[in-house]
A.B. asks: 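Before I ask anything, here is the structure I am working with.
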2 protein chains.
Amino acid sequence: MSVVPIKKAPEPTIRRLPDYYHYLKWMQSNGREVVSCTHIARDLDLDPTQVRKDLAVTGIRGKPKVGYLVTPLIESIENFLGWNNLTDAFLVGAGSLGTALLGYQGFKQYGLNIVAAFDKDKRKIGKKIHGKEVLPLDKLPGLAERMHILIGVISVPAESAQAAADVMVEGGIRAIWNFAPVSLDLPEDMVVQNENLASSLAVLSRQLAEAVK
Amino acid sequence: MSVVPIKKAPEPTIRRLPDYYHYLKWMQSNGREVVSCTHIARDLDLDPTQVRKDLAVTGIRGKPKVGYLVTPLIESIENFLGWNNLTDAFLVGAGSLGTALLGYQGFKQYGLNIVAAFDKDKRKIGKKIHGKEVLPLDKLPGLAERMHILIGVISVPAESAQAAADVMVEGGIRAIWNFAPVSLDLPEDMVVQNENLASSLAVLSRQLAEAVK
DNA sequence: TTTCAATCGAGAAATATTTATCGATAAGAA
DNA sequence: TTCTTATCGATAAATATTTCTCGATTGAAA
């Protein structure tokens, strides 16, 4: 009965939004001021109607014969994805993957700011990685609560992932970006995204097998 | 008219296969010999029928009342995904992401073996990263052809990605795993998987926004 | 001013994917 | 042996997503 301000969009659409975003940023840096779905579709190898529907979920409206104004469209996507303001996050697992994630500056562009790293390995604790100190894992709940951290990144081996997730839940974290290849057992109201390099590789392998058969 | 040995499976199914695979490996290491879709579904939070259909694409057959034998099921998935034998790959872009990918031992489990890295930056050329020498980019086509390399990994910044892809095409590479946030313009018969961290982050951001609204 | 072409937005149709239903089968208990 | 239960495989139904169609709108050219 209540008005729902955030209507749910299809996941495939949300997944394509960053592609549009990068494309539009590119257009913008080239001085382009307007762009139509037809062109976006051609360049990104998609269906024009699909592009139109995808962009529509962000609330933007285009003009017939012209298309969309690039800058407002970018803002609309940023706003829809919450990429216009930084959200602080904690990372657990300062191994090679964790180190790479800590060093990747690009996340800021996507509204994610990893402010601290945690590990249970005493040899790693105290070290600085890309300017961020590695803290003992048992400090996470207290700090997360105090700093109102909402997002956690898990980059530990599969066998430690559930424990890392539990600590995050304890600290009041609401969303987990999980790079470990396991499915986490979490309370209903938690949000999870499993980042699965294996999945993409699976699709690639399969398509390659079909292509060279 | 010809018999097609490799039937095409839905992409969502292929993407879930690695999850089953990891789960089954875990079951196997726990000494489990049989497992049913019902159990897999419960543990992985999926629909039992969906699990059954997914596994069926790999060609396995289960037994009523029992389920599937774990080991043959694992082999069936490995076989379907081509993970039972290593495919050599080249990587272009020895920056921080490239370094992380070169250091990640897990890919071997997924049939991918990165054997060499390439970069156009002279300061990086000649260096060894995780035991693999960084070679000049212009050597790629010749080497790829000679070594019959089929898979290329792109971990360069967005603006260099198309050039990297072109070099790969020139060297006869057939499948590209693209970590740069751009859509590549490639010949029809090339296979591409865009690995988009931004996509997952987009979904995570959106779900978090909905959850805390 | 009128005509034309490009594009949007909305809704319909087509396709893909997920979920439900049901008869058949196999293992173990009665 | 017969009954019961868990599960499979196949098919049908439901849902989600993509693609198509078409009238309306806008800007630019005639």
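Proteins come first, then strands; the chains are lettered A, B, ... in the order of their sequence lines, and each starts at number 1. Only heavy atoms go into these numbers, but all of them, side chains included; no hydrogens, no water, no symmetry mates.
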A.B. asks: Quick one: the side chain of B/K65 and the base of D/dT5, do they pair up donor-acceptor inside 3.5 Å?
C.D. replies: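 Check passes, donor-acceptor contact within cut-off.
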A.B. asks: Measure CD/B/E11 against C1'/D/dA16 and give the value in whole Å, please.
C.D. replies: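 About 16 Å, once rounded to whole Å.
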A.B. asks: Take the protein atom CG of A/L55 and the nucleotide atom P of C/dA10, then report the distance between them rounded to whole Å.
C.D. replies: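 So the two atoms are 14 Å apart, to the nearest Å.
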A.B. asks: Could you tell me how the ring of A/F90 sits relative to the ring of A/F118: parallel (under 30°), tilted (30 to 60°) or perpendicular (over 60°)?
C.D. replies: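 It falls in the tilted class, 30° to 60°.
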A.B. asks: Checking contacts here: which listed nucleotide (D/dG27, C/dT19, C/dC8) is nearest the side-chain heavy atoms of A/K63?
C.D. replies: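 Out of D/dG27, C/dT19, C/dC8, the nucleotide with an atom closest to A/K63's side chain is D/dG27.
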A.B. asks: Which whole-number value in Å describes the distance from A/R15 CZ to D/dT18 C1'?
C.D. replies: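 In whole Å, D/dT18 C1' lies 17 Å from A/R15 CZ.
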A.B. asks: In this structure, how many angstroms lie between the C1' atom of C/dT18 and the CG atom of B/D45, rounded?
C.D. replies: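 The distance from CG of B/D45 to C1' of C/dT18 comes to 14 Å, rounded to the nearest Å.
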A.B. asks: Determine whether any donor atom in the side chain of A/K53 lies under 3.5 Å from an acceptor atom in the base of C/dG11, or the reverse, and answer yes or no.
C.D. replies: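 Pair found.
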A.B. asks: I would like to know whether A/Q162 and A/D166 meet side chain to side chain donor-acceptor pair (under 3.5 Å); could you show each step before the answer?
C.D. replies: CA-CA 6 Å; A/Q162 183 63 53; A/D166 292 342; 2.9 Å; yes
A.B. asks: Give a yes or no on whether B/K132 atom NZ has more than 12 heavy-atom contacts from other residues, nucleotides or ligands under 6.0 Å away.
C.D. replies: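 More than 12 within 6.0 Å, yes.
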A.B. asks: For a quick check of understanding: with a heavy-atom distance under 4.0 Å over all strands, which category does A/S36 fall into, base, sugar-phosphate or nothing?
C.D. replies: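 Contact class for A/S36: sugar-phosphate only.
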A.B. asks: Between the side chains of A/W177 and A/E195, does any donor sit under 3.5 Å from an acceptor?
C.D. replies: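 Yes.
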A.B. asks: Starting at atom CG of A/D54, determine the distance to atom P of D/dT17, rounded to an integer number of angstrom.
C.D. replies: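 Rounded to the whole Å, the gap is 11 Å.
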A.B. asks: Start at the 5' end of DNA chain D and walk down; is the nucleotide closest to A/Q50 or to B/G67 reached first?
C.D. replies: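 Here B/G67 is the residue nearer the 5' end.
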A.B. asks: What integer distance in Å separates B/D47:CG from D/dC8:P?
C.D. replies: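 Distance check: B/D47 CG to D/dC8 P gives 12 Å.
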A.B. asks: For A/L69 and D/dT26, what is the distance between atoms CG and C1' respectively, to the nearest whole Å?
C.D. replies: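 Computing the A/L69:CG to D/dT26:C1' distance gives 13 Å.
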A.B. asks: When the aromatic ring centroids of A/F107 and A/H130 are compared, is their separation below 6.0 Å?
C.D. replies: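 Ring centres of A/H130 and A/F107 not closer than 6.0 Å.
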A.B. asks: Where the side chain of A/H39 is concerned, which of D/dG27, C/dA26, C/dT7 is the nearest nucleotide?
C.D. replies: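 So the side chain of A/H39 is nearest to C/dT7.
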A.B. asks: How do B/R61 and A/R52 order along DNA chain D: which one's closest nucleotide is nearer the 5' end?
C.D. replies: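 Going by which nucleotide is closer to the 5' end, it is B/R61.
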A.B. asks: Give a yes/no on whether any side-chain N or O of A/Y68 is located under 4.0 angstrom from OP1 or OP2 of D/dT26.
C.D. replies: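 No, A/Y68 has no side-chain N/O under 4.0 Å of OP1/OP2 on D/dT26.
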A.B. asks: Check every atom of D/dT21, D/dA10, D/dT17 against the side chain of A/T49 and return the nucleotide holding the closest atom.
C.D. replies: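 So the side chain of A/T49 is nearest to D/dT21.
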A.B. asks: With a 4.0 Å limit, can you tell me whether A/R42 has a side-chain N or O closer than that to the phosphate oxygens OP1/OP2 of C/dA6?
C.D. replies: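 So the side-chain polar atoms of A/R42 never come under 4.0 Å of the phosphate oxygens OP1 or OP2 of C/dA6.
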A.B. asks: Heavy atoms only, 4.0 Å cut-off, all strands: where does B/T38 land among base, sugar-phosphate and nothing?
C.D. replies: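 Sugar-phosphate only.
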